[in-house]
K.L.:
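Once you've had a glance at the structure underneath, I'll fire off some questions.
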Amino acid sequence: MQRSILITAMALLFSCIVNATPEQDKKLFQKFYTDRFSDIPISEFSNGVYALDQDARDQWEATLDFPPYEYALEEGEELFDTPFRNGKNYASCFENGGINIRQNYPTFNRQRNTLITLELAINECRAENGENFLAYGKGEIAKISAYMASTSEGSIINIVTPTKGNGLADYKKGKQYFYTKRGQLNFSCANCHLQNAGRKVRSETLSTALGHPTHFPVYRMKWGGFGTLQRRIASCDAQVRAQPLLGQSETYKALEYFLTYMSNGLPINGPASRK
Amino acid sequence: MKVLFNNSRAVLICILLILASFSSIAKSVTQAQAKAATEEAHNLWQQSIAAGHEWSTIKPLVVQSKKNLTAKLYFSALSLAEQAISQSKQALIQAEHEKINWLNNLPK
């Protein structure tokens with residue numbers, strides 16, 4: 001008798017955890033960080049590791065007068081403004097001419113029943129206008145995306161709450177990916193960027209996952225150029241010796257969707273520079 | 001004394017014979033054994049991909065083991081395949097375990 005009560009209680013608890021709504025997830029997620037780092041204003045998490053590590057922040061701030069990405073960002077603007085061979089341009093594909101929209105991506109497209117990230121939308125715009133697809137992750141697409149992000153400076157991330165019609169299944173897929181241990185080293189994203197945020201791994205302070213999507217594409221010194229959020233995620237997967245997935249694969253899109261929804265309410269401050 | 005001497009010599013010879021047979025086992029990996037192991041490695045690696053838990057360390061082992069098989073280097077083909085098999089099995093255990101365990105990582 002007692003045992004069956006216990007089993008029922010456990011099953012109930014289990015289903016509560018699994019079936020928490022995205023709203024509840026987000027509340028708990030943000031609360032986790034604001035409790036742990038109670039002296040840090042929530043919008044500061046947009047600065048990644050520099051919200052937590054003063055030494056690193058001092059070095060980083062010294063570079064901000066002449067950010068290393070300035071030139072690449074200008075190139076992004078030029079690319080964005082250059083007409084396609086048919087005379088149309090990127091602005092023709094996006095609402096508001098593509099200006100100040102970064103905060104709404106990824107977005108779930110109900111008609112097509114699929115997630116659309118900003119980079120995917122950029123490539124689809126090209127395809128609609130008879131241009132070839134750009135390689136995801138770096139190069140032109142990251143420059144264009146960086147320019148578009150820059151026009152959203154200060155706008156608040158505003159991903160529509162996932163519901164049955166708004167990609168709940170994708171949201172759940174992304175959530176599970178974030179918390180699942182993987183790779184030969186057996187780490188989940190959460191192990192590093194949630195449970196151990198603020199602590200050091202080798203010589204690096206681990207940033208909070210809250211705020212990860214606010215400042216991408218990131219210009220990384222190690223890359224010598226811009227990379228998209230999915231490119232960064234792929235390098236974290238590789239670090240734990242998990243095989244990285246392809247850019248814009250269903251799973252990476254879902255992960256980007258989950259991560260961005262978790263940062264709803266934070267201001268866009270991309271592009272940014274990192275080590 | 002003589003008996004003892006004879007006995008220990010016999011033991012020594014036995015040990016040498018055993019060691020020698022080990023090394024000849026090692027040398028005599030057949031093409032069939034290496035091929036079977038390489039195939040098993042390939043299949044288990046594919047299973048780990050299907051389970052969504054591919055490790056980046058497995059593919060290079062599988063690829064190299066196939067190359068060595070073609071080059072008739074059966075011993076190293078087998079040994080690489082065995083490493084790939086063992087890692088793929090661990091990846092599959094991880095996949096199975098994480099079906100439930102990921103929930104333990106949620107913020108509380």
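These values consider heavy atoms only, across backbone and side chains, with no hydrogens, waters or symmetry-generated copies. Naming convention: chains lettered A, B, ... in sequence-line order (proteins, then strands); numbering from 1 in each chain.
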K.L.:
If I measure from the heavy atoms of chain B, does T180(A) come under 4.5 Å with its side chain, its backbone, both, or neither?
P.N.:
both
K.L.:
May I ask you to test the H42(B)-T38(B) pair for a side-chain heavy-atom distance under 4.5 Å?
P.N.:
no
K.L.:
Sort Q87(B) into side chain, backbone, both or neither according to what part of it lies under 4.5 angstrom from a heavy atom of chain A.
P.N.:
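Only the side chain of Q87(B) comes within 4.5 Å of chain A.
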K.L.:
Crowded around F187(A) CZ? As in, over 12 foreign heavy atoms under 6.0 Å?
P.N.:
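It does not: F187(A) CZ has 12 such atoms or fewer within range.
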K.L.:
Sort Q195(A) into side chain, backbone, both or neither according to what part of it lies under 4.5 angstrom from a heavy atom of chain B.
P.N.:
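Q195(A) touches chain B through side-chain heavy atoms alone.
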K.L.:
Taking 4.0 angstrom as the limit, do R231(A) and E119(A) come out as a salt bridge?
P.N.:
no
K.L.:
Heavy-atom distances under 4.5 Å only: say whether N186(A) touches chain B with side chain, backbone, both or neither.
P.N.:
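The answer is both parts of N186(A).
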K.L.:
Yes or no on salt bridge (charged side-chain N to carboxylate O under 4.0 Å, His left out) for E250(A) and K253(A), after CA distance, side-chain angles and deciding distance?
P.N.:
CA-CA 5 Å; E250(A) 290 305 316; K253(A) 285 199 299 180; 3.5 Å; yes
K.L.:
Does E23(A) come within less than 4.0 Å of K27(A), counting only side-chain N to carboxylate O?
P.N.:
no
K.L.:
Which answer fits E54(B), side chain, backbone, both or neither, if we ask what part of it has an atom under 4.5 Å from a heavy atom of chain A?
P.N.:
both
